Trainee: 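What follows is a single structure, and I will ask about it in a moment.
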Amino acid sequence: MNRISNRAAVSPTADARHLMFDDLEKLGRILVETGDVAHGFIQGADDMDVTCRDFSAFDPSRPLSGQGSGTLDALRAAKEEILPLLAASIGPRYLGFVTGGTTPAALAGDWLASAIDQNATGPEGSVNAAVEEQVINWLCDMGGLPHDRFDGVLTTGATVSNLLGLVTARQWCGERIGVNIDADGASVLPDLAIFAASPHASMIKDLSITGIGRNSFVKVATLPDSEETDIVDLKAKLDASDARGKIVIASSGTVNATDFDNLNAIADLCAAYGAWLHVDAAFGLFAALDDRRAHFLAGIERADSVTSDGHKWLNVPYDCGIFLTRHVSVLETCCRAFAPYLDTKADGNSYINRGVENSRRFRALPLWMAIKAYGRDGMAGIVRANCDQAADLAAWVRTHEKLELLREPKLNVTMFRALGADDDNRALLDRINATGKVFLTPTVYGGHFGFRAAFSNWRTQDHDLVIIKDAIEMAL
Ligand SMILES: Cc1ncc(COP(=O)(O)O)c(C=O)c1O
């Protein structure tokens, strides 16, 4: 009985490996054909519907098949069954959330990262850690952060970077009063207080993940008609708190109004009250590349930790987040992974000890390629163009008799709505997106339902603005 079932288990596996070796022989052709399919999709993103609204043709319950049919067949199936049902989020008129596209160099770097498949844990036997170190220095330069003081790690996204910010800050708060949360748990600092005016949804999620609790932050007031921290209220709240550990969460580019906090004023308060300053600059960090807006970030070098993203404004593929801190040794205390089998002797940064993951993708490579290919000026060009596009759309909305602007855009997001009831606006958003020419996402601002047009893609051009305005006009 055993012999029969063993034989049955071995032979299909051997067949399947045969398919893989077969594919290895054809790899050149597979890569070329995959390149052709990808190229077709990328070029077609200008003309296809920006989002797919009906993907019922794809059956998620299709049963698992025992035998495969090789990569070229799988590629054909993906081309027929999956690609036509995708969003053109890589294209120029996907304005939902804050969605970066992919520059050609970043795409090439990302493909290469998959092809060479390094496990980017650290410097053992590979230059990947040194590349990550270089990229982090370049990112600091782009964001106006002195790289002799800031160091960090590439993450899966800003949500995880915010998580690292909270965890590192909490450990630092504990160390200041002689307790060790890393070893003994969060209960040794029960009176930790978090102060935030406009925390991003990811930060609230991170409060849950860290066990601090979604509701366990002190809500600081914002300035009138703004998402910016009210410094007077922050001071009053810090003053009233007798918590032994204090963390202030500031924003450099809120997701709706793209407001920037007064970081110098907040850093002064943090210094006075012994608080850690974490700045969420998921996309706003790169406003530093635009000389018309770099002043928004004044004081960011005084932050204890900073969150940003590569997959937003730097237009590298998912996933790529950035976490930077002046206290990398505290980060390493929280994230270190020790076991005899991990105890290697190579010189250099061990990124396994700086983040959530142990095994990790070589996500420094797409960034390295993009920055090498286009330089600081290329990245600045994306930021400037997208800000101009948000301003252009706002100018059009301002003069339109049926539309109203919810806020003057400071950066790359235009928030607007049609005059009238919220329910009518909900229906209008659906009609705008149903045109297939543009994709906007909803928001609530100043008590009103409205739309966000977030320009974050290098491919968006003037003629796209014409198409976007026509689509809105058509839906009105
Ligand atoms: C200000 C801010 N912080 C954090 C995030 C979360 O980023 P991610 O989706 O990369 O985790 C976003 C996403 O839009 C954001 O705008």
Side-chain angles (χ1 to χ4, degrees), residues 87 89 94-102 106 110 139 143 152-167 194 196-210 214 217 222 226-229 248-261 263 277-288 293 296-297 300 303 305-324 355-357 360-361 363 366-367 383 386-387 390 407 409-415 439-445 451-457:
S89 49
Y94 188 98
L95 308 183
F97 316 106
V98 185
T99 308
T102 300
D110 198 65
L139 292 169
V153 63
L154 298 177
T155 66
T156 51
T159 303
V160 167
S161 299
N162 280 335
L163 181 74
L164 295 182
L166 275 182
V167 166
I194 319 279
S198 301
H200 184 263
S202 61
M203 188 58 84
I204 307 294
K205 172 175 167 171
D206 292 337
L207 287 173
S208 165
I209 295 171
T210 47
R214 286 179 191 264
F217 72 96
T222 52
S226 166
E227 292 176 338
E228 187 181 330
T229 302
V248 176
I249 310 289
S251 298
S252 286
T254 54
V255 77
N256 279 324
T258 60
D259 279 326
F260 287 71
D261 281 333
L263 296 180
L277 171 56
H278 175 76
V279 179
D280 184 347
F283 55 103
L285 184 64
F286 300 109
R293 294 180 171 82
F296 292 163
L297 290 148
I300 193 154
S305 54
V306 175
T307 279
S308 196
D309 255 333
H311 58 217
K312 290 190 169 72
W313 237 352
L314 297 185
N315 280 247
V316 303
Y318 295 105
D319 48 23
C320 183
I322 301 159
F323 179 68
L324 303 168
V356 173
E357 307 141 313
R360 48 202 295 282
R361 175 175 181 70
R363 56 178 73 89
L367 273 171
V383 170
N386 287 157
C387 290
R407 258 292 295 274
K410 273 193 173 156
L411 208 63
N412 59 330
V413 180
T414 311
M415 280 193 302
F439 179 64
L440 307 177
T441 40
T443 195
V444 174
Y445 189 80
F451 324 136
R452 287 173 69 258
F455 294 87
S456 335
N457 193 303

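Order of listing sets the numbers, starting from 1, for every ligand and every atom in it. This structure is a prediction, so every number in the text was calculated from the model and none was measured.
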Trainee: Does any donor atom in the side chain of N162 or S202 lie under 3.5 Å from an acceptor atom in the other side chain?
Mentor: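 Yes, side-chain donor-acceptor contact under 3.5 Å.
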Trainee: Give the residue and atom name of whichever protein heavy atom lies nearest to atom 5 (C) of ligand 1, and the separation in Å to one decimal.
Mentor: H200 CE1, 3.2 Å
Trainee: With a 4.0 Å heavy-atom cut-off (strictly under), which part of K312 contacts ligand 1: side chain, backbone, both or neither?
Mentor: side chain
Trainee: Need the ligand 1 atom indices (1-based, order shown) with element for anything under 4.0 Å from a heavy-atom of D309.
Mentor: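 It comes down to these atoms of ligand 1: 7 (O), 8 (P), 10 (O).
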Trainee: As an exercise, identify every atom of ligand 1 less than 4.0 angstrom from a heavy atom of G157.
Mentor: 10 (O), 11 (O)
Trainee: With V279 as reference, evaluate L297, I300, D261, T307 under the side chain to side chain contact (heavy atoms under 4.5 Å, CB included) test and give the passing residue.
Mentor: I300
Trainee: If you take the nearest heavy atom of each of D280, I322, V255, which one is closest to atom 1 (C) of ligand 1?
Mentor: D280
Trainee: So if I count the atoms of ligand 1 from 1 in the order they appear, which ones are less than 4.0 Å from some heavy atom of F283?
Mentor: 16 (O)
Trainee: Could you check L164, V306, L163 and say which one makes a side chain to side chain contact (heavy atoms under 4.5 Å, CB included) with F323?
Mentor: L164
Trainee: Counting only heavy atoms closer than 4.0 Å, does ligand 1 sit against the backbone of T159, its side chain, both, or neither?
Mentor: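 Both backbone and side chain.
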Trainee: Looking at ligand 1, is there an atom of it that comes within less than 4.0 Å of some heavy atom belonging to M203?
Mentor: no
Trainee: Taking ring-ring contact (aromatic ring centres under 6.0 Å, His included) as the definition, give me every residue that meets it alongside F451, ordered by chain and number, with sequence neighbours left out.
Mentor: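 Listed in chain order: F416.
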Trainee: Using a strict 4.0 Å threshold on nitrogen-to-oxygen distance, state whether D110 and R363 make a salt bridge.
Mentor: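 No salt bridge links D110 with R363.
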Trainee: Does the side chain of V413 reach to within under 4.5 Å of the side chain of N256, using non-hydrogen atoms?
Mentor: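 With C-beta onward as the side chain, the pair stays apart.
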Trainee: Under a 3.5 Å cutoff, is there a donor and acceptor pairing between the side chains of T155 and S161?
Mentor: yes
Trainee: What part of S202, side chain, backbone, both or neither, has a heavy atom within less than 4.0 angstrom of ligand 1?
Mentor: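 Within the 4.0 Å criterion, S202 contacts ligand 1 through side-chain atoms alone.
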Trainee: Check each heavy atom of F97 against ligand 1 and say whether those closer than 4.0 Å belong to the side chain, the backbone, both or neither.
Mentor: neither
Trainee: Please verify the inter-ring angle class for Y318 with H311; under 30° counts as parallel, over 60° as perpendicular, anything in between as tilted.
Mentor: tilted
Trainee: Taking only heavy atoms of H311 into account, list the atoms of ligand 1 that are under 4.0 Å away from them.
Mentor: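 What qualifies from ligand 1 is 10 (O).
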Trainee: Can you name the atoms of ligand 1, numbered from 1 with element, that are less than 4.0 Å from a heavy atom of A282?
Mentor: 1 (C), 2 (C), 3 (N), 4 (C), 15 (C)
